[in-house]
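Reading through the structure tokens given below for one structure.
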Amino acid sequence: MSYRHNDSGRLIDRSQTLTFTFDGKTFTGHPGDTLASALLAGDRMLVGRSFKYHRPRGIVASGVEEPNALVNMGHGNRMEPNQRATTTELFDGLTAVSQNRWPTLDSDIGAMNAAIARFLPAGFYYKTFLWPRAFWKNVYEPFIRQSAGLGRAPTEADPDSYEHFHVHTDVLVVGGGVAGLAAAKAAAATGLKVLVLEQTHYWGGRTPVDGGKIDGMPAQEWIDATVAELEAMRNVTLRTRTMGAGVYDHGYALGYERLTDHAPDAEGPRHRLWRIRARQIVTATGAIERPLAFAGNDVPGVMLASAMRDYLVNWGVVPGQRIVVATNNDDGYRTAIVLKKAGLDVLRILDAREAGGGALMQEARDLGLRIDCGRGIGKVSGGKRVKKVQICVTTGTGGAMEALDCDAVAMAGGWSPVVHLWSHCGGKLVWDDAQAHFRPDPAKAPTGADGLPFVTTAGSASGPMALGSVLQDGAAAGTRAAKAAGGKGRAPKVPVAEDVEEAAMLPVWQMPARAEYRLKSKSWLDFQNDVKVSDVELAAREGFESVEHTKRYTTLGMATDQGKLSNINGLAVLAGALQKPIPQVGTTTFRPPYTPISIGAIGGSARGDIFQPVRMTPMHAWHDVHGADWEPVGQWRRPYAYPQQGEKVEEAVQREVTNTRDNVGLLDASTLGKILVRGPDAGRFLDMLYTNMMSTLKVGRCRYGLMCSENGFLIDDGVVARVGEDAWLCHTTTGGADRIHAHMEEWLQTEWWDWKVHVANLTEQYAQIAVVGPKARQLLESLGGMDLSAETLPFMAWADGELGGIGVRVYRISFSGELSFEIAVRAGQGLALWEKLVEAGKAFGVMPYGTEALHIMRAEKGFIMIGDETDGTVIPQDLGLDWAISKKKTDYLGKRAQERSHMTDPTRWKLVGLETEDGSVLPDGAYAVGRGKNANGQLVTQGRVTSSYHSPTLGRGIAMGLVLHGPDRMGEVLEFPGTDDKVYRAKIVNPVFFDPEGAKQNV
Amino acid sequence: MKRYSAFAIAREGFRAHKGWDRAWTAPEPRKNYDVIIVGAGGHGLATAYYLGRNFGITNVAILEKGWLGGGNTGRNTTIIRSNYLQDPSAAIYEKARSLYETLSQDLNYNVMFSPRGLIMLAQTHHEVRGYQRTAHANKLQGVDTEWISPTRVKELCPIIELKGPRYPVLGGLYQERGGTARHDAVAWGYARACSAMGMDIIQNCEVTGIRTEAGRVRGVSTTKGEIDCQKLGIVVAGHSGVLAQMAGFRLPIESVALQALVSEPIKPCMDVVVMANTVHGYMSQSDKGEMVIGGGADGFNNYTQRGSFHHIEETVRSLIETFPMVSRLKMLRQWGGIVDMTGDRSPILSKTPVDNIFINCGWGTGGFKAIPGSGWGFAELMATGESALCEAFSLDRFRAGRFIDESVAAGVAH
């Protein structure tokens, strides 16, 4: 059994007891425990099921590398799947449930997969499930989906909040072990800003567990002193529970801080994403121990040797009472020694090396431990718990020499530096034969925009594993980074530690070396995804020789631990199978994040109402109070219509059109873009931007203009007013304002950078109200203040003045065919003017109208609408807008493009009006069919509907469309098949349906 | 080629799986081939496969700089759909989709094509109109799509939030036979079939030069020596411009990094594929259980295959609005792929200024779904000089201004 041993456990506070549940059963633990240590203390060794075979799985590691101990935590809207028990700090009331099993963890029906595992090797699914064809989607795949996956999916919205921090620092140190602390100390001594991130809640990493003295004092004392020293420095920021998640180009790094995961009742955000810009990054990310690949290495009770040591020293927990240690290096002895000193029964140390180890072996021997050299594990037996270990010759085929009854196995396969952050942004690795691992190649560091390295590694993340060299490397990295970041001054004294002499390790990728298939097919590499030595060998045999192919074919390293335990072992096995040196096989790509980070944290605080905040005009609240039916337009909301009590939206639209045509209507036009273009070259600039001539416009006058992309397509339209000798105000569409502003800036900054022009987007500086209808002038005159007669203010003119005591600029322009004035006021006075107009307008029957009435009225007049008649493939010539294209200008944006052969092709579809024979409304977006089919078997088309409405003015459906030779085919009837299987027939007519002479607007 | 079947697995299960052959051979290049395809991604391999299958041309080498299927074929979000607006696009994507339907059987390799249904959400009135137009067009193109109501959207995808608040769901364009496939398997299945026809797939063989004579291709220089050919097909998304330069012409292409990410695996919660174009996010759930999420393309050109974090943030933020439950999932991995972007965001399948050099590129952010159709059409073009599927996608369309712009419907990411 696993249990809480004695009074050791440096991280726990035994004076307090916390209660939690796992699969409904109540357990206890102490502050400082992880969920994993507390489960082990409660003799819960079986904690999960593997992904594919549903094999029973126990806790194998003590940190982020844990592949097995994943649980669903919490409930309701705070339920979270795949929480790693080894990095989950225990709190009172924690509830955890095991995953990927049914009905219970102990008796899981999916475990029958394990019984037929021989038929489910790597990639078996590519070779079968082929027939019958419909079965893949309807039978096989649903079954696979149900048995795959891990935790349960949350179903509700997340009630927690998240936030982002934006930080600039000179030196970022990732990792608060002794190397990171030494690096921080060295860097901070130069006075530079230093930020240190540590993923756990304590400093010092694993050094206090491994032991040793630093500068003559116990490691923990040195750590405490160093942290205190750093904390006192104003240029240093220290953060625990914050993981360095990723390194990106240009010194950009991500930190992931878990603020309340350990204290769910605390106020404030749950996670915080640190978005860091660092001049230099030091990755002091430590190293991870490798498992050994022997048969049954996945049976609960088999654990990394270092993890077993951690559980005992940190949390006072032991995974069993009768323990076998298997190692290929001296570090494994540390575990045996710690266990033995704690009074546990270490049955045997199996050292794969014929010659055994160095001083640590001697120490173990002196403690009376039995050591077998040249021996390893042939097989571990046991179902949900280790029962027996068969000992074999390391170099043999696995024949058992002896069997030991035991309940726990510690495996020590050597250490691999954590190179993830180094590699994220292109840092290269080099194979270290002596330690049998990949370590960062300092000559090939990630480089910044200046071509110089911006990441440096420190401590065991660089390769050295012994305390003294780790400290030395850490301090050197800090000094190096500080210097590269511009720091000056003397580096502090390098901390020293005396290292125990260690004998060379022996790489062991399969134990025993000549194991048969029977054993290899039970020797796990990737515990979570169920990838075994035999799977990698199968991949190699089938030609998946690239390490990326093997990964993808076998799913090695693709689990939630992203191969932290499996990658090196896996690619070594692959190299063996291919008979290639390991460095030639190489590694797969390391991608951010280092460990999974919550999607909530990535999203940050911008959610709900502040996800893309709604832009509001000064009259927004008025519209809301008066029943506006809102329509999102760009970042704005605009009233689509103002339905009255008991009125349908469509009815409201019809009423608004009729009232505007008969009396007077008000439209909030504030969202239309208003871009001021000013400067000596402004006229010349606008002549290039618009298809027509703007430089000749007289001050006080307005002109309708078209803007095209350099490919000739119509992108925006609007009225341009010349507001001064060197100033023009360009109106754009609502959705186009920001885009057109950027378009102008782009041309000014990249092409015509020497032209003397400034542009400013004034859209939100002014409110704009369209007063439209036969009684518009009367209404405005009733406010008093300026002369709005046709003589003083003719069509397409503007004037400054005052209405009802408010300073205004009045444009006499019309998008409805009615007598119309658009009145601009400073935004702060928009609502006041609007309310004055509503009040004074009562006598004239004024009503506000929304976007749909606007659309209908413009369609009745045959005016095009950007986004309806245009879609990015339409040129002004298609729309009969040749009159708005200057013939005199030698150039404008899009002119050359419009001269290309396809643009001048007479078969381009052209704008026409369309009327159904029975007055019904044509379906929007419908296509007119032509004759026969094209070479690809599609029905030939000859036109399409671009806008379609019911016109209350005409009492019938009207539509605009683009039709092949349209303007030459007046009166012809086209057929438009609907998606409802009906065919709609419509006649080609003039697109101006209403008041073609313009009698109504020119009064 | 030994056939794959449940029986074969059972047989091998009793003999330690010792009897499986290589899925594809690993030959050294010969001196001369009828056709060389540069690029052993999905499109290149599919081209080779249909050259063999439809035209009997099997003296073919497929040269790959790295490992086959390692470019965008192995990096995309595996979405398959054909609900395109413009006729030429709908034709080639629907051809591809229909080939996907039987691809597993044709190749004797389970590519896991799963027509689980695909919804493109409409979240503005403008999008509603755009998708209704697409539905009309699809009907005439023989592409089976329909406009569905918000209620139906919710039935098909229970984890979706219809109400917004920012962009309420107003409906969607639904393609019932759209879905996903296993991307690596598509490359591997084609590779295995090509190899079985006697074609040479040569990995770790980088093309360093293209030899021409009198305006006609002669062969290529590679890191494995000189190889001659009658015809050359360039199918190297992400590096098309580099190869074109070797052949002496230029392409209207920019290369940018496109972002994607996956969550940790969870039990099934989403059967359909959903694309939310207003907020620029799309998501599906893989058979492994990961939520597969597509992001945007970086706003700057590069070749690094990693890309920035900023787009991920935007994508995720919009997905949280559309699928609130994702907030409590965790991002497992993010990556980038380099995509070729043309001026009209449509591909190029074309002859080139050099005789007998053909180019297939410019699939932008949407190439995976097109693989079988692209291979089918491009093989036809290479074998016969003409292809109805490819005709509209010729290089000269940029000179003529004959764009095939799909962004028109709603600024849709492909």
Side-chain angles (χ1 to χ4, degrees), chain A residues 80-82 118-119 121 124-130 133 137 141 144-145 148-155 157-158 248 517 538 542-543 546 548-549 552 560 591-592 596-600 602-603 606-607 611-612 631-632 871-873 897 900-903 924-927 935-936 938-939 979, chain B residues 4 6 9-10 13 16-17 20 22-24 67 70 87 91 104-105 109-110 114-115 124-126 129 132-133 135-137 139-141 166 184-185 264-269 287-289 308-309 313 316-317 320-321 324-335 388 400-402 405 408:
Chain A
E80 182 163 3
N82 305 336
R118 65 162 61 194
F119 306 116
F124 75 96
Y125 30 73
Y126 299 121
K127 295 172 178 158
T128 183
F129 303 131
L130 293 166
R133 195 156 67 78
K137 188 198 163 211
E141 190 183 38
I144 289 173
R145 284 171 85 86
L150 285 171
R152 275 188 294 127
T155 52
D158 185 351
Y248 299 82
Y517 180 78
L538 174 65
E542 293 194 90
S546 154
E548 287 283 357
H549 280 153
R552 288 153 183 259
T560 60
R591 300 283 191 187
I597 63 177
S598 71
I599 284 179
I602 301 171
R607 57 177 66 203
F611 166 74
Q612 298 191 7
E631 173 189 14
D871 64 2
T873 68
R900 288 184 287 189
S901 59
H902 183 66
M903 300 296 198
D924 205 346
Y927 280 76
N936 289 317
Q938 301 165 322
L939 288 173
T979 48
Chain B
Y4 288 161
I9 292 176
H17 297 277
W20 296 112
R22 294 183 63 100
W24 49 79
W67 39 285
D87 284 353
S104 294
Q105 290 73 31
Y109 202 95
N110 189 357
S114 175
T124 65
H125 287 270
H126 186 68
R129 300 181 66 247
Q132 286 177 345
R133 176 181 166 195
H136 279 104
K139 190 178 163 66
L140 306 181
Q141 292 155 345
R166 189 63 183 86
D184 291 325
E264 293 183 335
I266 49 173
K267 290 292 177 190
C269 65
D287 286 350
K288 266 191 86 183
S308 67
F309 185 72
E313 199 176 297
V316 156
R317 200 172 273 163
I320 292 170
E321 293 307 299
M325 54 78 73
V326 300
S327 179
R328 286 191 98 81
L329 300 182
K330 296 194 249 357
M331 173 171 86
L332 177 61
R333 187 176 171 88
Q334 72 162 109
W335 67 94
R402 207 182 61 249
D405 199 334
V408 302

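Residue numbers begin at 1 in each chain, while the letters A, B, ... track the order of the sequences. Since we're looking at a predicted model, the values are computed, not measured.
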Report task. Look at the side chain of A:Q938 and the backbone N and O of B:D87, then say whether any donor-acceptor pair between them is shorter than 3.5 Å. Result -> yes
Query raised in the report: Quick one: what part of A:T155 sits under 4.5 Å from any heavy atom of chain B, side chain, backbone, both or neither?
Result: backbone
Query raised in the report: Is a side-chain N or O of B:N110 found less than 3.5 angstrom from the main chain of A:Y125, in a donor-acceptor match?
Result: yes
Query raised in the report: Judged by atom type as modelled, is there a donor-acceptor pair below 3.5 Å linking the side chain of A:H549 to the main-chain atoms of B:G70?
Result: no
Query raised in the report: Is there a donor-acceptor pair closer than 3.5 Å between any side-chain N or O of B:R166 and the backbone N or O of A:Q612?
Result: yes
Report summary line: So, the part of B:E321 with a heavy atom under 4.5 Å from chain A: the answer is side chain
**Report entry** Expected output: side-chain B:Q105 to main-chain A:L130 donor-acceptor under 3.5 Å
**Finding:** yes
Report task. Could you look at A:S901 and say if it's the side chain, the backbone, both or neither that has a heavy atom under 4.5 Å from chain B? Result -> both
Query - Heavy-atom proximity to chain B below 4.5 Å, by part of A:A926 - result: both
Query - Donor-acceptor contact present, side-chain B:K330 to main-chain A:P81, <3.5 Å - result: yes
Query raised in the report: Under the 3.5 angstrom rule, does the side chain of B:R133 hit a backbone N or O of A:G925 as a donor-acceptor pair?
Result: no
Query raised in the report: Between B:W24 and A:G543, what is the shortest heavy-atom contact and its length?
Result: NE1-O, 3.6 Å
Query raised in the report: If you tally heavy-atom pairs under 4.5 Å against chain A, which of B:Q132, B:M325, B:R402, B:K267 wins?
Result: B:K267
Query raised in the report: Do B:K139 and A:Y927 touch side chain to side chain, with heavy atoms closer than 4.5 Å?
Result: no
Report task. Please state whether the side chain, the backbone, both or neither of B:K288 comes within less than 4.5 Å of a heavy atom of chain A. Result -> both
Query raised in the report: Side chain, backbone, both or neither: which part of A:Y248 has an atom under 4.5 Å from a heavy atom of chain B?
Result: side chain
Query raised in the report: Given a strict heavy-atom distance threshold of 4.5 Å, which part of A:E141 is in contact with chain B: side chain, backbone, both, or neither?
Result: side chain
**Report entry** Proximal component of B:I320, with respect to chain A [non-hydrogen, under 4.5 Å]
**Finding:** side chain
Query raised in the report: Quick one: what part of A:I602 sits under 4.5 Å from any heavy atom of chain B, side chain, backbone, both or neither?
Result: both
